[in-house]
> 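Encoded as structure tokens, here's the structure I'll be asking about.
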Amino acid sequence: MIYIAFLCGMVIAYPCQTAMRKGVSTMKLLLSTASTLALAIGLTAAAGSAQAAPVTFFGEDGNPTGNVPIAHPNSDAAQASFFTNLIGIGTDGFDTVANGTATVPVTFGNGITATLTGGNIQNTASAGRFAISSPNYYNTFSSTFGITFSGPIAAFGFYATDIGDFGGQLTVTLTDTSNVTTTLTVPNLIGSGGSQPENGSVLYFGFYDTSDTYTSITFGNSNTSDGFGFDDFSVGTLEQVQPAPEPGTLALIGSGLAGMAALRRQRKMKQ
């Protein structure tokens with residue numbers, strides 16, 4: 001006869017007589033292992049459900065002096081965290097586009113292209129705005145500017161400079177393939193009169209979505225006289241979005257697998 005234990009979709013089979021010899025301690029270990037794996041998989045499923053809305057990433061580096069460019073470790077960390085959830089993401093820094101170009105073609109290298117409107121390309125630092133990856137960045141004084149994609153995307157990230165020194169709040173409005181809009185507010189620092197540390201600051205903002213895809217994005221600026229700079233736009237398709245498991249979930253799965261290994265060792269010792 002064969003004793004079969006179902007542990008979270010996995011089947012463990014061993015002789016029934018062996019199972020009987022293991023006694024109560026083995027059954028406790030079996031139940032503990034099953035519970036641990038069930039909890040881990042339950043947490044993973046809950047995380048997937050919670051990620052039905054866009055998952056956002058943000059980091060910002062204030063500028064204490066106003067001199068540019070500056071280092072931006074917080075922004076870089078946000079980008080790195082965003083990228084861990086994506087495979088083969090494409091990035092464009094506008095560095096092959098002529099200075100002054102207003103309608104900017106963007107190529108991301110992953111089959112997605114786009115068009116930027118509402119600003120223009122600049123290749124020199126100005127009024128706190130500068131390039132992250134030299135020499136170009138996208139400069140805009142418009143209350144809104146937008147990007148339209150050649151195909152549906154599920155992830156988008158960007159660097160921005162000189163945000164909020166004249167009170168401008170940055171928003172990102174996503175239009176999905178069903179023409180439904182979702183507005184995300186970027187939690188940037190907000191100052192006034194060209195103040196520090198907002199003047200010449202750097203931020204990174206990104207999002208991914210595991211259930212919806214988008215065809216265009218509109219950037220909002222609550223102060224039309226507050227100029228912003230943007231660089232290094234990155235996009236990913238739905239297939240490229242692969243959320244990294246939470247460390248706690250990985251630990252629980254590891255604990256459950258260790259319990260399974262212990263069961264196998266006990267079986268060999270008793271046989």
> Using only atom types and a distance under 3.5 Å, with no angle test, would you say the side chain of Gln196 pairs donor to acceptor with the backbone of Asn63?
yes

> If you take all heavy atoms of Asp176 and Val180, which pair is closest and at what distance?
OD1-N, 2.8 Å

> Please check this pair: side chain of Ser81 against backbone of Ala78, looking for a donor-acceptor N/O pair closer than 3.5 Å.
no

> Taking the inter-plane angle between the rings of Phe233 and Phe94 on a 0 to 90° scale, is it parallel (under 30°), tilted (30 to 60°) or perpendicular (over 60°)?
perpendicular

> Could you measure the distance from the CG atom of Asn179 to the OG atom of Ser216? Nearest 0.5 Å is fine.
8.0 Å

> Can you tell me if Arg129 uses its side chain to pair, donor with acceptor, with the backbone of Asn139 under 3.5 Å?
no

> Mind checking the OG1-CG spacing from Thr103 to Leu116? Nearest 0.5 Å is all I need.
9.0 Å

> If every non-hydrogen atom of Ile163 is compared with every non-hydrogen atom of Gly168, which pair is closest and at what distance?
CG2-O, 4.4 Å

> Under a 3.5 Å distance rule, please check whether Asp162 uses its side chain to pair with a backbone N or O of Gly200 as donor and acceptor.
yes

> Output yes when a side-chain donor or acceptor of Thr181 lies under 3.5 Å from a complementary backbone atom of Leu174, and no otherwise.
no

> Might you point out which heavy atoms bring Thr210 and Pro243 nearest each other, and give the distance in Å?
CG2-CG, 3.7 Å

> If you take all heavy atoms of Ser150 and Gly111, which pair is closest and at what distance?
OG-O, 4.1 Å

> When you check the side-chain N and O atoms of Asn188 and Glu60, is any donor under 3.5 Å from an acceptor?
no

> At what distance, to the nearest 0.5 angstrom, does OG of Ser234 lie from CD of Gln79?
6.0 Å

> Quick one: pull up CD1 in Ile217 and OG1 in Thr171 and give me the separation to the nearest 0.5 Å.
11.5 Å

> With rounding to the nearest 0.5 Å, note down the distance linking CZ in Phe219 to CG in Leu170.
7.0 Å

> Looking only at non-hydrogen atoms, find the nearest pair between Pro54 and Tyr214 and report the distance.
CG-OH, 3.7 Å

> Please confirm whether the backbone N or O of Asn74 pairs with a side-chain atom of Asp61, one donor and one acceptor, at under 3.5 Å?
yes

> Can you say whether the rings of Tyr138 and Phe145 are parallel (under 30°), tilted (30 to 60°) or perpendicular (over 60°)?
tilted

> Parallel under 30°, tilted from 30 to 60°, perpendicular over 60°: which one fits the rings of Phe156 and Phe207?
tilted

> Could you tell me the separation between the CD atom of Gln240 and the CD1 atom of Ile112, rounded to the nearest 0.5 Å?
8.0 Å

> Would you tell me whether Asn136 and Gln122 have side-chain atoms, one donor and one acceptor, within less than 3.5 Å of each other?
no

> Please verify the inter-ring angle class for Phe228 with Phe230; under 30° counts as parallel, over 60° as perpendicular, anything in between as tilted.
perpendicular

> Fit a plane to each ring of Phe205 and Phe158, take the angle between them on a 0 to 90° scale, and name the class: parallel (under 30°), tilted (30 to 60°) or perpendicular (over 60°).
tilted

> Which is it for Thr215 and Phe149 under the side chain to side chain contact (heavy atoms under 4.5 Å, CB included) test, yes or no, and what are the steps along the way?
CA-CA 5 Å; Thr215 57; Phe149 302 101; 5.7 Å; no

